[in-house]
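Input: a single structure, listed below in structure tokens.
Note that the coordinates shown come from a computational prediction; the quantities given were computed from them, not determined experimentally. Residue numbers begin at 1 in each chain, while the letters A, B, ... track the order of the sequences.
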Protein chains: 2
Amino acid sequence: MIKCHLSRLMGEKKLKIVDVARETGVNRGTITRLYHETASRVELDVIEALCRYLDCEVGELFEYVNEK
Amino acid sequence: MIKCHLSRLMGEKKLKIVDVARETGVNRGTITRLYHETASRVELDVIEALCRYLDCEVGELFEYVNEK
DNA sequence: CCAAAATGTTCTCCTGAAGATCATTATGCA
DNA sequence: TGCATAATGATCTTCAGGAGAACATTTTGG
């Protein structure tokens, strides 16, 4: 599975969903879905905005978890 | 921007688009779009299938390139 | 205790992946 | 070299689900 670490990254920086939504320009609902890992599809623009805002790499945001 | 390194990864392993499509179960058109970096949205299932098949991490497949 | 902010929830709209098909190009073999 | 087959490119329709917005609920702090 692909795990999204947005909630951890946000937690470490003590960021709120509204903050991230406002600062990145990404819709709050979209941030919420990624935060709760209920999204199954992502816009590359969204990944870019998050990486820029959180100053992180794609690999820190999404992780491939091998599960057999 | 978000850069997709699928073409490089495939090149290193000398893989063809049809191979990747057949082995991952991902539609050939989707592989083609990622290969030519014309995709603007990605299914997490697709990322997972590619990471598993290419034995790589998400960060090796997608890279955040800061461009001001 | 109340007002404002944050989060959760639900709805519609619309984009682009999925899937199929056809055209074109590349490859291998006799 | 010519032909058959495979691979790729291009195009179209269908449809799942994210984007976005609005409303409901919960949380916060003053």
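The number of heavy atoms from other shown groups lying within 6.0 Å of CG (A:D19) is above 12.
In this structure, CG of A:D45 is placed 16 Å from C1' of C:dA17, rounded to the nearest angstrom. In this structure, B:K16 atom NZ and C:dT27 atom C1' are separated by 9 Å, rounded to whole Å. One atom, CD of A:E43, and another, P of C:dG16, lie 6 Å apart when rounded to the nearest Å. Taking atom CZ on A:R41 and atom C1' on D:dG20, their separation rounds to 14 Å, with Å as the unit. Note: CG (B:N27) to C1' (D:dT8) measures 13 Å, nearest angstrom. Here the P atom of nucleotide C:dT27 and the NZ atom of B:K14 are 15 Å apart, to the nearest Å. Distance CG (B:L34) to P (C:dG16): 14 Å, rounded to an integer number of Å. Going from atom CD1 of A:I31 over to atom C1' of D:dA21 covers 15 Å, rounded to whole Å.
When all heavy atoms of B:L34 and B:A39 are compared, the pair lying nearest together is CD2-CB, 3.9 Å.
Side-chain nitrogen and oxygen atoms of A:H36 include at least one within less than 4.0 Å of the OP1 or OP2 phosphate oxygen of C:dG8. Residue A:T32 places no side-chain N or O under 4.0 Å from the OP1 or OP2 atom of C:dT7. Residue B:S40 places none of its side-chain N or O atoms closer than 4.0 Å to OP1 or OP2 of C:dT15.
Of the residues near DNA chain D, B:G29 and B:L15, the one whose nearest nucleotide (by heavy atom distance) lies more toward the 5' end is B:L15.
Counting distance only, with no hydrogens placed and no angle test, the side-chain atoms of B:R28 and the base atoms of D:dG9 include a donor-acceptor pair under 3.5 Å. The base of C:dG8 does not come close enough to the side chain of A:R33 for any donor and acceptor atom to sit less than 3.5 Å apart.
B:E63 has its side chain within reach of B:H5: a pair of non-hydrogen atoms, C-beta onward, lies under 4.5 Å apart. Looking at heavy atoms from C-beta onward, B:I47 lies in side-chain contact with B:L44 at the 4.5 angstrom threshold. Looking at heavy atoms from C-beta onward, A:I17 lies in side-chain contact with A:R28 at the 4.5 angstrom threshold.
Across all strands, A:V26 comes closer than 4.0 Å to no nucleic acid atom at all (heavy-atom distances). Counting any heavy atom pair closer than 4.0 Å across all strands shown, A:V46 reaches sugar-phosphate atoms only and no base atom.
Nearest to the side chain of A:R22, among C:dA17, D:dA7, C:dA6, sits C:dA6.
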